[in-house]
Structure formats: structure tokens, C-alpha cells
Asks: 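Pasting a structure here, questions to come.
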Amino acid sequence: MMTSTTPVKAEARNLSFFYNGGNNAVKNVSMPLYENKITALIGPSGCGKSTFLRCFNRMHDLYPGNKYEGQIIMHPDDTNILEKNVDPIEVRMRISMVFQKPNPFPKSIYENVAYGLRVRGEKNRRIVDDKVEEALKGAALWNEVKDRLQDLAFNLSGGQQQRLCIARALATDPEIMLFDEPTSALDPIATANIEELMSELRNKLTILVVTHNMQQAARVSDYTAYMYLGELIEHGETDRIFTRPTRKETEDYITGKFG
Amino acid sequence: MNTVTQVLNNSLTPQISDRLSKNFNRHLKERVIEFILMLAAFSAVLTTAAIMGILLYESYGFFEHVSIADFLTDTVWTPLFENPRYGILPLVSGTLTVTGVALLIAIPIGTISAIYLSEFASHRVRETVKPILELLAGVPTIVFGFFALLFITPLLQKIIPGLPTFNMLSSGIVIGIMIIPYIASLSEDAMRAVPMSMREGSYAMGATRFQTAIRVVTPAAISGIVAAYILGISRAIGETMVVAIAAGQQPNLTFNPMDAAATITAYIVQVAMGDLPHGSIGYQSIFAAGLVLMLMTLTLNIIGHITRKRYSERY
């Protein structure tokens with residue numbers, strides 16, 4: 001079923017999450033993220049897949065009263081990134097994120113990509129220049145913007161803005177990249193571009209993507225996890241999940257009987 | 001096909017005419033209401049136009065006796081003296097100096113308060129502090145005037161020996177304190193309007209709260225913040241009571257805040273409270289001074305409008 005040679009980059013161990021007020025949005029989920037693979041999280045709205053994803057960069061820490069239980073272990077150093085004494089900023093420097101709606105900053109294209117380097121205190125212009133170019137090339141945006149790097153990022157199209165956000169996340173060489181429904185605000189052509197980009201990024205890093213679009217999960221991912229009502233119902237290689245799911249609930253969702 | 005439409009027409013026609021006649025009545029009522037609303041809206045426009053008209057008319061009378069060149073270049077303002085001179089510069093310098101001191105106080109403190117309230121303070125702190133801050137804006141300006149003269153000036157005199165009782169420094173400081181609520185409150189509104197997704201984007205890049213506030217939220221809210229500054233500056237320029245009480249009444253061409261000097265508004269108060277005959281040049285001079293004041297705030301408002309358009313938020 002799973003190739004034992006594929007190294008695990010990170011894994012959730014008995015992870016539960018409670019929103020302020022007690023809503024238990026993720027229930028006892030254990031799941032690996034394989035290195036240099038794309039893992040897709042699917043499931044109906046409100047099943048906890050975005051909440052689960054946002055545990056990986058401690059995004060929930062921004063709002064008071066949220067509570068994690070269990071662990072997320074990152075390899076090879078075996079750090080539990082949910083531990084209280086682990087600085088969420090350190091975690092976010094290793095695990096970057098691309099959001100549902102493109103959210104560029106009110107800055108130039110160049111400064112958007114350089115942002116992560118700037119907040120890390122990188123001052124050397126040559127290094128920043130090189131990293132910005134590399135990241136924009138990595139996000140397949142360089143050719144479109146290389147002559148207008150000082151333009152405001154808002155002047156780009158929606159698809160370009162999303163690739164800019166990917167470039168921004170790439171510039172700091174993260175180990176894992178989280179995608180929270182990255183194409184739900186984009187047209188089909190821009191969606192295809194992003195999906196192709198994700199496939200290429202797999203060579204550099206490990207990807208966890210939340211999608212409400214099953215075709216997308218089938219197209220881009222190596223592994224798929226199906227979540228329902230906060231629980232992980234099934235996790236496995238994408239080909240197998242979509243052709244021979246072992247659980248009835250997964251089959252119902254994939255075949256469209258439900259959801 | 002044809003018969004179907006005919007049947008439909010036959011069954012619908014009476015109903016439609018029914019509804020049309022009702023609509024006519026409703027329409028009339030709508031239009032009366034609309035007219036009343038329009039009248040209310042235009043009263044403000046009309047008042048502004050009337051004020052402008054009177055200012056221009058009386059100033060015209062003034063400029064029939066005094067050349068505009070003298071008005072703008074003469075360095076002495078003594079319209080009520082035996083040998084009157086009509087140089088607006090001393091009043092403008094007083095106004096600008098007081099405003100400058102006020103802004104040196106209000107812009108840093110106001111902006112920092114806004115950043116703190118919007119990005120750092122807990123919900124409870126914000127909900128407590130903001131109303132108190134806004135209360136400060138409701139204190140009558142005469143209170144601030146006495147505060148400047150009887151509290152701030154003696155305090156400053158301990159630090160700066162030889163400071164005259166009437167000086168622009170203490171008025172400037174107090175006006176600065178006075179406009180902090182405007183700048184803080186409006187800037188805070190602008191910053192809170194920045195969508196959470198933008199902050200999350202910054203945090204997700206490993207930025208700290210402070211970096212997010214300074215590098216992302218502030219630039220995103222810049223148009224609102226600039227608008228807050230402009231409003232604050234307008235208030236400072238137009239402020240009357242504090243300067244009339246604490247800055248002195250003597251027109252004085254100086255930019256030294258340690259001196260006493262009159263501002264445009266202080267001069268207008270001084271003359272308007274005296275018993276100058278209607279139509280005399282001294283009387284008309286307050287309208288010319290008022291016109292200058294109005295042009296200054298108008299320019300600021302236009303600058304504010306342009307900046308708002310140029311940096312308008314697009315998220």
C-alpha cells in the first residue's frame with residue numbers, strides 16, 4: 001500500500017483541535033506527510049480540513065482561546081511544532097502557506113516576494129535580488145513580471161497574484177508548503193497553471209493541499225486523505241483512494257452520492 | 001404559440017393596470033420624500049456657498065483699499081493702528097508655528113496609539129480605551145485653553161527659563177493633545193478595516209506582530225491614516241480658543257515657538273469682540289484673514305482627497 005522507502009517529512013499524531021468556545025473541529029487525527037509528495041485533504045465543507053491544515057503553521061495561535069491536543073512531529077529533527085516552547089514564528093519560517101484568496105501586500109511585486117527575507121533581517125541586496133528572481137522563476141511568474149518588478153502587486157491578475165503569493169512563500173526556502181484551496185478564486189486556466197506549478201514544486205518541498213475539488217485532488221496529489229466531521233476517515237495513495245476506497249463513506253463522497 | 005400569449009395577455013392586463021394606478025400614488029409620495037431629503041442635503045451646500053460668498057464679498061471690499069501684493073508680502077500686520085499695515089505673513093507664521101508644534105505632538109502619539117489599539121491591544125483594552133480617547137475630543141476647547149495657560153506654560157517655564165507667559169509652544173502642545181483623539185481614532189478605524197487575510201499572509205511568512213503592523217497593516221491603511229492627519233491639521237489650523245487664550249495677541253513674524261504671537265484665528269476673535277464699525281477696513285480685514293484661513297484648509301482637503309484617491313485601498 002505505502003512504499004516503505006518514502007521518507008516522512010511530518011506527521012500528525014492524535015491531533016485534536018478546539019476552537020475558542022469548545023468546538024472540536026479536528027478529532028484525533030493521525031496522518032503522515034511524505035517528503036516531496038503532495039498530500040490532498042478532501043471532504044465536505046466544515047469537515048475540519050482547513051482547520052487541520054492551519055495547525056501545521058500554528059495559524060490558530062493568532063486568535064485567543066484556541067487549543068491543540070496531540071502532536072505534529074517534523075522530521076528529521078523530530079520537533080513537535082505544537083509544543084508551547086516552540087516559537088510559532090520559527091514554525092512558520094519552515095512551513096509556509098498559500099491562502100484561498102490571493103492576499104498580496106500593498107507593496108511592489110519585488111517587495112512582496114522579498115517580504116519573508118526582509119522580516120528575517122536579510123539586508124544584502126544581491127542576495128535579496130537573487131532570491132526574488134529565483135522565487136519568481138520557481139512560481140512561473142518571472143517572464144511576466146521581470147520588466148515591472150516595481151509595479152504594485154494589486155495590478156496583477158488574480159492568477160498572477162496567486163503565483164506571486166506562491167513566489168513569496170518560496171523565497172524563504174520552506175520545507176513544507178500549505179495550500180488552502182489555492183484555486184477556488186481562480187478561473188480554469190489560472191487553476192491549471194497553479195496545479196502544474198504544484199507538481200513541479202514537489203521536487204523541492206513537501207505539499208499539503210486542501211481542496212473541495214475532487215478532480216483537483218485526483219489530478220495533482222500523490223496521497224489523499226478524506227475527512228468528515230473532524231475525523232480522518234481514510235488516507236492512502238491517491239490512485240487507490242479514487243479507485244478502491246476501503247471505507248464506504250469515502251466511496252460515497254468520491255462517487256458523488258454524498259457531499 | 002399565439003393563442004398562449006393572447007390568453008396570458010387577457011388574464012394579466014387588468015391586474016397590471018391595477019398595479020400601475022397604485023404605483024402612481026406611491027410615486028407621488030416617493031417624490032415628496034425625495035424632495036425633502038434633497039432640501040436637507042442642500043442646506044449644507046447652501047450654507048457653505050453663503051459663507052464663501054460673504055467671505056469673498058467682504059474681502060473684495062478689503063482688497064479695494066489694500067493691494068494683494070502688500071497683503072501677501074508686507075511683514076507687519078497692524079490694521080487697527082494709526083498708520084495701518086496689512087501684511088498677513090505674521091499671522092500666517094503664527095498659525096503655521098502653532099500647527100507645526102501641534103503636529104509634532106499629535107502625529108507620532110496619535111499614530112502609535114492607533115497601531116497599539118488596532119494591532120496589539122486586547123479586545124477589552126480597546127473597548128475601554130477608545131471611548132475614553134474619544135471623550136477627550138469632546139472637552140470644550142476653552143478648557144484646553146486654560147489648561148495651556150495655567151498648567152502647561154508654568155510647567156514649561158520651569159524647564160525653559162525666560163519663557164514668556166504667552167507663547168506658541170504651550171498652545172501648540174495643548175492643541176496637539178487635543179487632536180490626538182482624531183488622529184488615533186480615525187487611523188485606528190482605517191487599520192481595523194484592513195482585512196484579516198492580509199495580516200495572516202504576513203504572519204504566515206514568519207513576521208512578528210510589530211513587523212506585520214508596520215510593514216503590512218500601516219501601508220494598507222495609509223489612505224485612511226493620511227485622511228486622519230489632514231483632518232487633524234485642519235483642526236489645528238482652525239483652532240481658536242486655545243491660541244486666543246495662551247499664545248498672545250501680538251502679530252509677530254516669527255517661527256520660534258518660544259515667542260508670543262497671534263494666529264489668524266486669534267486675530268479674528270480679537271477684532272470680532274471689539275467694537276469696530278461695520279464696513280471699516282479693520283472690520284473687513286477679518287474677512288480677508290478668514291479667507292486665507294479657508295484657503296489653507298481647502299488646500300489641505302484637496303491634498304487629502306488626492307492622496308486618498310492615489311493610495312486608495314484595493315483589497
Side-chain angles (χ1 to χ4, degrees), chain A residues 20 53-54 56-65 87-108 111-121 135 152-156 161-162 164-174 177-180 185, chain B residues 111 114-129 187-229 306-315:
Chain A
N20 185 12
L53 176 110
R54 289 160 70 94
F56 278 81
N57 65 346
R58 304 261 303 257
M59 222 48 187
H60 300 298
D61 288 29
L62 298 179
Y63 307 94
D87 186 352
I89 289 173
E90 299 273 322
V91 174
R92 292 174 198 143
M93 288 190 174
R94 295 178 66 182
I95 304 181
S96 63
M97 178 166 175
V98 174
F99 293 79
Q100 186 170 357
K101 243 183 84 192
N103 57 350
F105 302 137
K107 296 173 181 294
S108 66
E111 282 303 326
N112 260 279
V113 183
Y115 188 78
L117 303 165
R118 300 259 190 254
V119 300
R120 284 161 178 73
L152 205 60
F154 294 131
N155 293 334
L156 297 172
Q161 286 188 16
Q162 194 62 308
L164 181 72
C165 292
I166 294 174
R168 184 172 78 190
L170 268 179
T172 51
D173 298 319
M177 202 179 276
L178 310 170
F179 287 82
D180 189 359
Chain B
T111 313
I115 292 174
Y116 170 73
L117 285 177
S118 159
E119 303 303 308
F120 292 88
S122 70
H123 183 76
R124 246 183 62 206
V125 170
R126 181 167 54 245
E127 293 312 305
T128 321
V129 171
S187 302
E188 200 257 2
D189 288 344
M191 294 174 85
R192 297 226 40 92
V194 174
M196 205 54 209
S197 68
M198 208 177 270
R199 288 188 188 86
E200 286 191 345
S202 171
Y203 287 121
M205 292 304 302
T208 61
R209 257 184 185 206
F210 185 70
Q211 287 168 328
T212 303
I214 299 297
R215 292 164 184 260
V216 173
V217 179
T218 307
I222 196 70
S223 68
I225 294 173
V226 169
Y229 290 172
I306 291 170
T307 13
R308 208 163 32 231
K309 274 205 150 161
R310 224 178 121 188
Y311 298 101
S312 66
E313 298 97 341
R314 275 183 284 171
Y315 35 72

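Computed from a predicted structure; not experimentally measured. Just so it is clear: chains get the letters A, B, ... in the order the sequence lines come, proteins before strands, and each one is counted from 1.
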Asks: Show, in sequence, the C-alpha distance, side-chain angles and deciding distance for A:V119 and B:T208, and conclude whether the side chain to side chain contact (heavy atoms under 4.5 Å, CB included) test is met.
Replies: CA-CA 8 Å; A:V119 300; B:T208 61; over 6 Å; no
Asks: Is chain B contacted by the side chain of A:F56, its backbone, both, or neither, given a heavy-atom distance below 4.5 Å?
Replies: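 No part of A:F56 comes within 4.5 Å of chain B.
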Asks: Atom CD of A:E111 and atom CZ of B:R215: how far apart are they, to the nearest 0.5 Å?
Replies: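 Between atom CD of A:E111 and atom CZ of B:R215 there are 8.5 Å.
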Asks: Quick one: CZ on B:R199 to CG on A:L62, what's the gap to the nearest 0.5 Å?
Replies: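 Nearest 0.5 Å value for the CZ-CG distance: 10.5 Å.
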Asks: Determine, stepwise, if the pair A:R54 / B:E200 fulfils salt bridge (Lys or Arg N to Asp or Glu O under 4.0 Å).
Replies: CA-CA 11 Å; A:R54 289 160 70 94; B:E200 286 191 345; 2.6 Å; yes
Asks: When rounded to the nearest 0.5 angstrom, what is the spacing between CG in A:L117 and CE in B:M205?
Replies: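 Answer rounded to 0.5 Å: 7.5 Å.
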Asks: By side-chain hydrogen bond (donor to acceptor under 3.5 Å, both in side chains), which residues pair with A:D61, not counting sequence neighbours?
Replies: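 Per chain and number, A:D61 pairs via side-chain hydrogen bond (donor to acceptor under 3.5 Å, both in side chains) with A:R58, A:Y68.
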Asks: Could you give the distance from OH (A:Y115) to OG (B:S202), rounded to the nearest 0.5 Å?
Replies: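 So the gap between those two atoms works out to 2.5 Å.
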Asks: Give a yes or no on whether B:F210 atom CZ has more than 12 heavy-atom contacts from other residues, nucleotides or ligands under 6.0 Å away.
Replies: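 Atom CZ in B:F210 is not crowded, with 12 or fewer foreign heavy atoms closer than 6.0 Å.
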Asks: Which pair of non-hydrogen atoms, one from A:N57 and one from B:A204, has the smallest distance, and what is that distance?
Replies: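 Answer, listing the atom of A:N57 first, then B:A204: ND2-CB, 4.0 Å.
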Asks: Can you tell me which portion of A:R168 sits under 4.5 Å from chain B's heavy atoms? Options are side chain, backbone, both or neither.
Replies: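 It is both, since atoms from each part get that close.
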Asks: A:P104 versus chain B, heavy atoms under 4.5 Å apart: side chain, backbone, both or neither?
Replies: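 The answer is the backbone of A:P104.
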Asks: Taking all heavy atoms of B:M198 and all of A:F105, pick out the closest pair and write down the distance.
Replies: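 Looks like O-CE2, 3.5 Å.
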